A.B. asks: 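The structure that follows is given in the form of structure tokens.
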Amino acid sequence: MSKIIKKEQLSENVFLMILDSPLIAKERKAGQFIILQIDPEYGERIPLTIADADAEAGTITIIFQVVGLTTDMLSRLNEGDDIPILVGPLGKPTHIEKFGTVVCVGGGIGVAPLHPIAQALKAAGNKVITIIGARTKELVILEDEMRKISDELIVCTDDGTYGRKALVTEPLKEVCERKEKPDMVIAIGPPIMMKFCSETTRPYGIFTQVSLNTIMVDGTGMCGGCRVNVGNEVKFVCVDGPEFDGHLVDFDNMMMRLNAFVDIEKEKYKCYLDQIAEAKLKSQKAEVEQ
Amino acid sequence: MNYRTPEEIEIEARELFSKYISRVDELKNKERIAIPLQEMPTQAPEVRIHNLQEVALGYTPEEAQLEAMRCIQCPTQPCVEDCPVHIDVPRFIDRIAHGKFQEAVDVIKENSLLPAICGRVCPQEVQCQSRCSVGKIFKTVDKAVSIGRLERFVADWERERGEIGVPEVKPDTGKKVAIVGGGPAGLVVAADVRREGHSVTIFEAFHKLGGVMRYGIPEFRLPNEIVDKEIETLEKMGVEIRTNFVVGKTRTLDELMNEDGYDAVFIGTGAGLPLFMGIEGENLVGVVSANEYLTRANLMRAFEQDHAVTPIYRSKVVAVLGGGNVAMDASRMAMRLGAEKVYVVYRRTRKEMPARVEEVEHAMEEGIEFLFLSNAKRILGDEKGRVRAMECLRYELGEPDESGRRRPIPIEGSEFILDVDTVIVAIGNGSNPLISQTTKGIETNKWGNIITDENQKTSMDRVYAGGDIVLGAATVILAMGEGRTAAAAINKMLAEEIEKEKQQLEEARKN
């Protein structure tokens, strides 16, 4: 059980929550994730990356986008509410050392899990160049936080409403072509963005690490639902990952697998939204009648 | 065998019962073995494939007593020897024959704490019933005394009367024991260690205890209510339960011992790492491990599709790969989830199947088609990456391999296509790496199983392990057996330590 200490809406669909979880706050390292479940009987377990943690206060921060039923339900919880099931920290932590120059690329809410990694890399003495991208201005998150820990920050939006009008791969390519070639790239964001970041860096031979967020049930290696092809091997994201060499990940297969239950999920989500709308209508009617 | 309704079975049993019961003590062996084996009443196949309720309904008292009268109380007692926890089988059966059901339960509980579970899921035909003298007389294990059914009967009888006794707990010793994993092995250790007065905490990764009995074995074979009852007993004994706690991640084993003050640890994390076959198409959408499929259906309640948020495949034609209990559970669950056709694809023949005989029979009754001497070669997908078919190869049996079973050999050019939309892989589990990855100094074998001595002690001081994390994928009862051994060793170690501490204290006082 974990209490929501603070809730903040970062954009229309993106929320930040600070959760009371002393044990996870103490043990977690950059790159790890948690699994939560809202209804202990009929709920679904979803993995979310830990965006930040405060070991002293005993809290962790999650940032999530409403994309379906469970994230929608989560977004409707408020400060003081409990999340009945919270387990972690899961996955292997990011390997942090002084690599030299590291480019951190974050797409959409991928910036959230990227932040603690960039922070740790900076602390380890790396030169950090950060590229953050979003569809539009409202969806740019953690810009100030990233600026603080980056030697250089490039912001771009797909529609040009803020920063450069470009996909993140454009500035990434430019950085790769610089005289001072980066030693490593870390890309976190939607699968398609990580795929193209990996394709962008491939010709330059720059090691590119991606962080995968696949379908999971237990998060401890037991179900195998999260498996991905990495090189010639099948890996479990929950225990072998979540970070892998982007040049070896079979993104196309991963994206197909992410859609495994898409029809059922849409159906259940619609049913849930209909129920909420109906309840709202009823209470409005009752008000009018009064 | 033709399906007989519970009523038909009951009527017949009642007639026979009145014939024999007055002479229960005078029956000659010849008469005993003339009593027909009491069939287990079950839900009708066409009914049960649409629900999740238990298939086997259990004996009536008359049926149980009749079945118990079939036991000839032979002096050799192979059943006791072949039981992993050495229950005094003839004695508890004798009590049942005499209608002394409570006494029968008490006999079982001298050795096994979870008879309602073991009576349901033990592979009796290869254990207690395998060398039964009655079966020997008929030259078939199928005619052995139904020890498992009798065990289940008395356990249920006790539970249904709501009179399950809570074992006595000795005064607090001040020693703390951590149990990692709330499955069958861990639950047994918890009870046995707690009885000695040590404080016990069970750490469980999931939100509910039970391990494989919760996420794996379906309701139709082992109702959750029974597992809940056992856990309730542990709680009444004062065992602390911490769910959503992954040892190795939330706290490491070293932290538990060095910082949190646990005097001993038992690792019973199970064999939870599903194996795949490494064939083409295995990562297509619609290929799923039996672990995932069953966890979604059982623990996450996806069987109740209208209530559960967790989705599960809405399959029409399913192929299940494997021949063990998990394959049976998965195939029968697929049927209940509305599949029109379910195949079990197994490389060997029915004889070599590791599944319990009763489960295979039930699966067959439920209309599941078994493709023996066949195996998947590759899985074919459509343009969306979803399973559309599976190419199989036919096999023949060659010489026995190291497991003693005849080795299956593929027949060249025997490929055939099975049109399926879901493939459930139930070919076994590797060992879960979380503890070994995060604990320096714990020795594992090449398969990742934790190495223990005959007392279940690992290479680490004060750390014991048992169940599937040691055995590889085995059975509930073997896990319980190892749990008992480990608990005895932990209790012994702690008792010696307490004694030593006492002596030291006394000596200090003297000085």
Side-chain angles (χ1 to χ4, degrees), chain A residues 1-2 23-24 26-28 32 35-45 68-70 73 84-92 215 217-229 234 236 239-240 250 252-265 267-269 271-272, chain B residues 204-208 212 215-216 242-246 248-252 255 269-276 278 282-296 299-302 304-314 381 384-386 425 429-434 437:
Chain A
M1 183 121 83
S2 175
L23 283 177
I24 300 178
K26 193 171 162 218
E27 295 281 335
R28 77 95 211 188
Q32 291 187 297
I35 279 188
L36 62 79
Q37 183 179 336
I38 296 169
D39 175 344
E41 278 305 318
Y42 290 105
E44 167 189 39
R45 292 164 71 93
L69 208 165
T70 300
M73 283 165 97
I85 295 169
L86 181 74
V87 56
L90 300 171
K92 287 184 177 168
I215 291 176
V217 183
D218 60 297
T220 62
M222 214 200 69
C223 80
C226 64
R227 64 193 192 278
V228 286
N229 293 318
V234 174
F236 287 9
V239 288
D240 299 322
D250 179 350
D252 294 337
N253 179 260
M254 185 186 109
M255 286 187 272
M256 282 188 311
R257 290 185 57 80
L258 274 169
N259 283 327
F261 299 107
V262 72
D263 294 342
I264 304 174
E265 283 165 351
E267 206 176 286
K268 284 186 190 283
Y269 190 23
C271 188
Y272 166 79
Chain B
E204 164 61 43
F206 272 130
H207 48 291
K208 287 181 183 170
V212 72
Y215 70 75
R242 300 202 57 180
T243 50
N244 305 311
F245 196 114
V246 184
K249 292 289 179 187
T250 312
R251 294 290 272 164
T252 62
E255 285 169 329
T269 47
L273 196 79
L275 299 177
F276 290 89
E282 209 159 41
N283 279 5
L284 288 166
V285 176
V287 184
V288 59
S289 76
N291 276 4
E292 180 181 347
Y293 192 74
L294 290 170
T295 302
R296 284 177 183 274
L299 178 75
M300 305 311 294
R301 318 272 301 252
E304 298 163 74
Q305 292 178 66
D306 294 340
H307 294 288
V309 180
T310 303
I312 194 159
Y313 289 112
R314 288 170 183 165
K384 282 184 179 162
R386 288 174 187 265
V425 183
N429 279 282
S431 50
N432 195 294
L434 282 186
Q437 265 179 10

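As the structure is a prediction and not an experimental result, all values here were calculated from the model. Letters go in sequence order (proteins before strands), and every chain restarts at 1.
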A.B. asks: Can you say whether A:Phe236 sits under 4.5 Å from chain B via the side chain, the backbone, both, or neither, judging by heavy atoms?
C.D. replies: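 Just its side chain gets close to chain B.
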A.B. asks: Which atoms of B:Thr295 are under 4.5 Å from chain A, going by heavy atoms: the side chain, the backbone, both sets, or neither?
C.D. replies: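 For B:Thr295, side-chain heavy atoms alone lie under 4.5 Å from chain A.
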A.B. asks: Could you look at B:Val287 and say if it's the side chain, the backbone, both or neither that has a heavy atom under 4.5 Å from chain A?
C.D. replies: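 Contact with chain A is through both the backbone and side chain of B:Val287.
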A.B. asks: Checking heavy atoms, do the side chain of A:Val239, its backbone, both or neither come under 4.5 Å from chain B?
C.D. replies: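 Interface part for A:Val239: both.
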A.B. asks: Does any heavy atom of chain B fall under 4.5 Å from the side chain of A:Pro89, the backbone, both, or neither of them?
C.D. replies: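 Backbone plus side chain of A:Pro89, per the 4.5 Å heavy-atom cut-off to chain B.
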A.B. asks: Please flag which part of A:Asn253 lies under 4.5 Å from any non-hydrogen atom of chain B: side chain, backbone, both or neither.
C.D. replies: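 Side chain only.
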A.B. asks: Quick check on A:Ile215 against chain B: is it the side chain, the backbone, both or neither that has a heavy atom closer than 4.5 Å?
C.D. replies: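 Just the side chain, heavy atoms under 4.5 Å.
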A.B. asks: In Å and rounded to the nearest 0.5 Å, what is the CZ to CG distance from B:Arg242 to A:Leu23?
C.D. replies: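 Rounded to the nearest 0.5 Å, the CZ-CG separation comes out at 6.0 Å.
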A.B. asks: Against chain B, label A:Arg45 side chain, backbone, both or neither, depending on which of its atoms sit under 4.5 Å from a heavy atom there.
C.D. replies: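 For A:Arg45, the contact with chain B is made by backbone and side chain together.
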A.B. asks: Would you mind checking which part of B:Lys249 comes under 4.5 Å of any heavy atom in chain A, side chain (CB onward), backbone (N, CA, C, O), both or neither?
C.D. replies: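 Its backbone and side chain both get close to chain A.
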A.B. asks: Select one option (side chain, backbone, both, neither) describing which atoms of B:Leu294 are under 4.5 Å from chain A's heavy atoms.
C.D. replies: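 No part of it gets close to chain A.
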A.B. asks: Within a strict 4.5 Å, meaning less than it, do heavy atoms of the A:Met256 and B:Arg386 side chains meet?
C.D. replies: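 Sidechains of B:Arg386 and A:Met256: no contact.
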A.B. asks: Looking at A:Glu41, A:Glu265, A:Lys92, which one has more heavy-atom pairs under 4.5 Å with chain B than the rest?
C.D. replies: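 It is A:Glu41.
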A.B. asks: Return yes if a side-chain donor-acceptor contact under 3.5 Å exists between B:Asn283 and A:Arg257, otherwise no.
C.D. replies: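 No, no side-chain donor-acceptor contact under 3.5 Å.
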A.B. asks: Using salt bridge (Lys or Arg N to Asp or Glu O under 4.0 Å) as the criterion, list what pairs up with A:Glu267, not counting sequence neighbours.
C.D. replies: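 Scan of A:Glu267 (salt bridge (Lys or Arg N to Asp or Glu O under 4.0 Å), adjacent residues dropped) gives B:Arg314.
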A.B. asks: Does any heavy atom of chain B fall under 4.5 Å from the side chain of A:Ile85, the backbone, both, or neither of them?
C.D. replies: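 Contact with chain B: backbone and side chain both.
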